[in-house]
Amino acid sequence: MTFTQCSSKRQDRIYLGFASAPVLGTTYLNFCVSTPACFSILQAYRLPSSAGHGDVMPVRVLSEGAGPGAEVPKHLTRIPISLISTSTDCSNNTVKGKVVSKCPPVSPASQNFILKTVIQEDDSPQNAASQNPSINVFLFGALAWDFNQTVNQGDLVVVTGFTVGKSPTFNKDKLHPCNLQLKGDDACVYVSHLPPPPPDPRALRTSKRRSALSASAEVSRSAKAPKPAYVKLSDLPIGPVVNVYGVVVFFKQPYKSRGDDFHSYFKITDQSNETIKCTIFCKKLEDHPKIFQNGDIVRMHRVKLQQRNDSTWLVKSPGFSALTFDGGQGRDIEPRTSSLSFHFDQEDRRIVEELRSWSASQSILPPVPTVRLSDVQPKAYFDLTCQLLAKAPMDSRCTVLRVWDGTKCPHNLQKVIVDPYAMEGPSSFSKKKESLIANILVYDNHAVFSTQLKPGDFLRIYNLRVIPGTAKVQDLTSSQSEEEVQQLAFHLHGGTTYGRGIRVLPENSPDVQELKRVMETLPDDEEEELNDSDLLEIWSTPPESLDAEAVEYSTERSCSHDVQPVTLSEVKRSHPGRVHHVRVQLRSYEPSRLHQALKLYCSKCRSMQDVPDDEEVAGLFSEASKDSGPCSPPPWALSGQVRVPADSPGSPDRSLSVHLSTQLMSEDKTKELIFLMGSTLEETCRLSAGYHNIVPVRSSGGDMALLDLSAPFLFRGRKRYYGCKQCSEAAVREPSCADGLELIDEKIVAEALGVQLLQFVLLMKLELQDATDTLDAFLWRDAESFFGVKAEEAAANQEAQNIIRQTMEFLCPAGGSTGERPWMDLCLTAYGAEDDGGQNQTCYQICHSTITRPSSTRPNANPA
DNA sequence: GATTAGGCTTCG
């Protein structure tokens, strides 16, 4: 049996409508013959008196097709839009452009219509969207009405008889400093219509799979609504609302912005070779274009080009809607949308097919990073189409997705320890299926998004990173030998760069269909029979995701509280004074240098202090030895000399003065307790090997006194004891051992000396985590039972320290991932406490909880 | 009604 632990090496740091205007009455239409350019003329001819205009108005609408055409008078000179200024001579000039937007006519005064349209130079030398000049054109009165009836987006117009005004909206729309105003007898518009699309009997067939309701909605829509015109991306005017089609060449999945909406960022291109950035904000995720991969074709209605920061962006405007199509040639043309009602006909089909074949003939798309698990390469980034089998939150920022795509990755894959209770979906699979499963750790925003995923979902995970690493594999058959094996981990880092994200694919998507076909060739889990050896393995080994040590380490609650386990977020919401049971992982802990976890605690004044380090203590000894004036020992003491062996060969032994209790002398217990004066810390430690209790003393004004209580008042073997400065009334007194049998220990000495004994405690702050939250909890009162180690022992012996260190390393492996941290069942108490600023806060303490260790690290089982 | 964000890898 082997266990693995991932220690993947960190690499270097490594987004026209038709106004339902009141009926004006009859407009008189007069048809003329078109020029080769197929122009029609819109000219005021006559308006009924009911419209409130003069009897005769120069309105004439001339339609293309059969009949005589119209010609733009030859004496008129065309001027480029870019050269229009308020000083332009209007009488003999024309302006020609494509209608890129047409607003509904408005009627500020009753029946006095105004219509705004934007025309754009269609044949200027430059082809860039921002370069093609366009201008606002305002039409008044009956001309506005006729224009609305006759002219469509995309039509080519020539206007004459205009006046040039200053554009009040130039600052906003950046279109043109001037506008054209068409009113009065001289105003005239020549129109060249876009050819109408041929009728297509298949128009409605694409909706065959849709419900009758939506199909009928389409029919009714297409019967009533005008056909939208689409603007080529190179012709996009800045400002006006337009409709567009484009091939996606870059995209990010919609993600929650810092504002209120989801944000989609993508780029589209078309046959004009213009690439346009699109940035769409929508509250609802389903309103965003459903882009699955580069090459997809997006149709957007009611968007506008906006100029900002030296660049242009396509943004949505009111009434925005989007359809998305697979961009693959020959694939079904099935619009992706959540809208029940949308217009889609043979014209759309033609546009999609044209874009597909155009895009197939170009090299506009980046290489497809979609690979299967069988083909993954270390260090690569790739898009994975897969099925989610199970998932489990690892902590508040990480979720593991257990996925498969029916192929077997030839590399070793990272194992992840998952709490079976936290797993959504099966917590184990057959051995065969298990070998096809990849554990994908998704972080941050993706972990949040993953809460919406359900086992069984088909997913595409974008920009998944393959991280090569090594795992320590312990082969128990060869006792303690460890070998390192290469393995791969899959991470979906937080953020959206390079389109990182997760998308649920619909079941009918061709990629999912393909995936299903592969999976269907594999035997079902249930069909696999368990044989004897499998059974044996199940009995004798833990689940594969647990490592060998984890089997032996476990946490237990020893309390008798009858409460159900709760999540950390629930703990945080409850009031202080309660007991909670939680199932958590250790995210981090303080102090990282474990010796700093040792504290000295006074049970009387409840103060806590750090254990002084050796340097500080040595300083106190050296200070004390300077006060070596004459000293009269107390009457109960006998004074003498003690020889301190030299610390190195060649140097002389040193003699120090000691004082002993007369009573102990009489009992021949000379080794039990000595009062030692003038020694260094080091000498005191050396002597502590031969004397059970050593109390360092000094001379103070001729009397014998204890050292400053920052130093230990007592040395007992390797243990040192400290007193509370605040609560002690220290004086050198003879310990009383009434029966003479009592062992002299720190308590007896402390009591005799009037020292309030400080207690060794372990104090740690553990950052706990579960799927819902993190929480800082103190481990203090029950720290000794948690580790099974006395704090006093930890202060004095290496073995005890090792146990604590190993336990912490097991609970929170250095450099280890969340997946490698075991789950702990803990009992927490919540209590109110004042912080340094006197503010009330809730604190948490771990209690009644124990770690049980494997035998190899149990105290005394394996003395070093 | 405005805001959000506006690509260009990596904490885990």
Side-chain angles (χ1 to χ4, degrees), chain A residues 5-15 130 172 248-269 275-285 287-288 291 294 303 305-318 320 365-367 369 377-383 393-401 414 416-417 439-448 450 461-469 488-501 585-588 767 769 774 812-821:
Chain A
Q5 200 170 35
C6 178
S7 60
S8 58
K9 256 184 219 157
R10 288 255 294 277
Q11 313 285 312
D12 283 329
R13 267 297 77 196
I14 9 188
Y15 141 25
S130 52
K172 210 172 137 199
V248 175
V249 290
F250 171 81
F251 69 103
K252 284 185 173 192
Q253 288 303 325
Y255 61 95
K256 195 87 182 73
S257 73
R258 288 168 196 245
D260 295 336
D261 301 335
F262 280 96
H263 175 233
S264 280
Y265 176 69
F266 52 98
K267 280 167 146 177
I268 54 174
T269 188
T275 301
I276 297 292
K277 290 180 269 199
C278 307
T279 185
I280 304 291
F281 289 97
C282 292
K283 292 242 178 324
K284 291 193 206 152
L285 203 52
D287 292 339
H288 285 256
I291 303 170
N294 286 322
V303 287
L305 196 65
Q306 208 173 57
Q307 179 147 40
R308 262 176 114 109
N309 302 340
D310 297 331
S311 192
T312 53
W313 316 91
L314 210 49
V315 300
K316 75 174 183 125
S317 62
F320 167 82
L365 301 177
Q377 295 297 323
K379 293 184 181 175
Y381 288 90
F382 72 108
D383 297 347
M394 306 300 291
D395 62 50
S396 58
R397 297 181 65 183
C398 177
T399 291
V400 62
L401 304 182
Q414 181 192 27
V416 175
I417 298 174
N439 296 306
I440 295 174
L441 294 171
V442 306
Y443 291 93
D444 303 334
N445 49 325
H446 312 302
V448 172
S450 294
I461 304 175
Y462 299 91
N463 199 236
L464 196 48
R465 183 175 174 218
V466 189
I467 303 177
L488 297 183
F490 297 107
H491 286 210
L492 184 67
H493 292 295
T496 63
T497 40
Y498 273 84
R500 254 183 254 141
Q585 287 177 297
L586 180 58
R587 184 179 161 91
S588 68
E767 190 190 4
Q769 65 181 17
T774 65
C812 193
S817 67
T818 300
E820 293 160 26
R821 294 173 200 154

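We name chains A, B, ... by the order of the sequence lines, and we start the count at 1 in each one. We use all heavy atoms of the structure for the numbers below, so side chains are in, but hydrogens, waters and symmetry mates are not.
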B/dT4 C1' sits how many Å from A/Trp313 CH2, rounded? 13 Å
Considering every strand and a 4.0 Å limit on heavy-atom distances, what is the contact class for A/Asp444: base, sugar-phosphate, or nothing? base
Going by side-chain hydrogen bond (donor to acceptor under 3.5 Å, both in side chains), name the residues that satisfy it together with A/Asp444, two or more places apart in sequence or in a different chain. A/Arg397
Base, sugar-phosphate alone, or nothing: which one does A/Gly499 contact when heavy atoms must sit under 4.0 Å apart? nothing
Between A/Gln414 and A/Leu441, is there a side-chain heavy-atom distance shorter than 4.5 Å? yes
Check this for me: does the side-chain of A/Asp260 come within 3.5 Å of the base of B/dT4 through a donor and an acceptor? no
The criterion is side-chain hydrogen bond (donor to acceptor under 3.5 Å, both in side chains); which residues satisfy it with A/Gln377, sequence neighbours excluded? none
Within this structure, what is the CG-to-C1' distance between A/Leu285 and B/dT4, rounded to whole angstrom? 15 Å
Nucleotide B/dG6, atom C1' - distance to CD1 of A/Ile276 in whole Å: 14 Å
Whole angstrom value for the distance that separates P of B/dG6 from CZ of A/Arg258: 9 Å
Can you check the A/Lys316 NZ to B/dG6 P distance for me, whole Å? 18 Å
For the pair A/Lys256 (side chain) and A/Asp260 (backbone), establish whether a donor and an acceptor sit closer than 3.5 Å, ignoring hydrogens and angles. yes
Is there a side-chain contact between A/Lys267 and the phosphate of B/dG6, meaning an N or O under 4.0 Å from OP1 or OP2? no
Between B/dT3, B/dG6, B/dT9, spot the one nearest the side chain of A/Tyr498, thanks. B/dT9
Tell me the interatomic distance from A/Asp261, atom CG, to B/dG6, atom C1', rounded to whole angstroms. 15 Å
Nearest-angstrom distance from the residue atom OH of A/Tyr255 to P of B/dT3: 17 Å
DNA chain B: A/Tyr443 or A/Ser257, which has the more 5' nearest nucleotide? A/Ser257
Identify whether a stacking contact exists between A/Phe250 and B/dG7, where the ring centres must be under 5.5 Å apart and the planes under 30° apart. yes
Is any side-chain nitrogen or oxygen of A/Tyr462 closer than 4.0 Å to OP1 or OP2 of B/dG7? no
Between P on B/dT4 and CZ on A/Phe281, what's the gap in Å once rounded to a whole number? 8 Å
For residues A/Ser396 and A/Gln769, determine if any side-chain heavy atom of one lies less than 4.5 Å from a side-chain heavy atom of the other. no
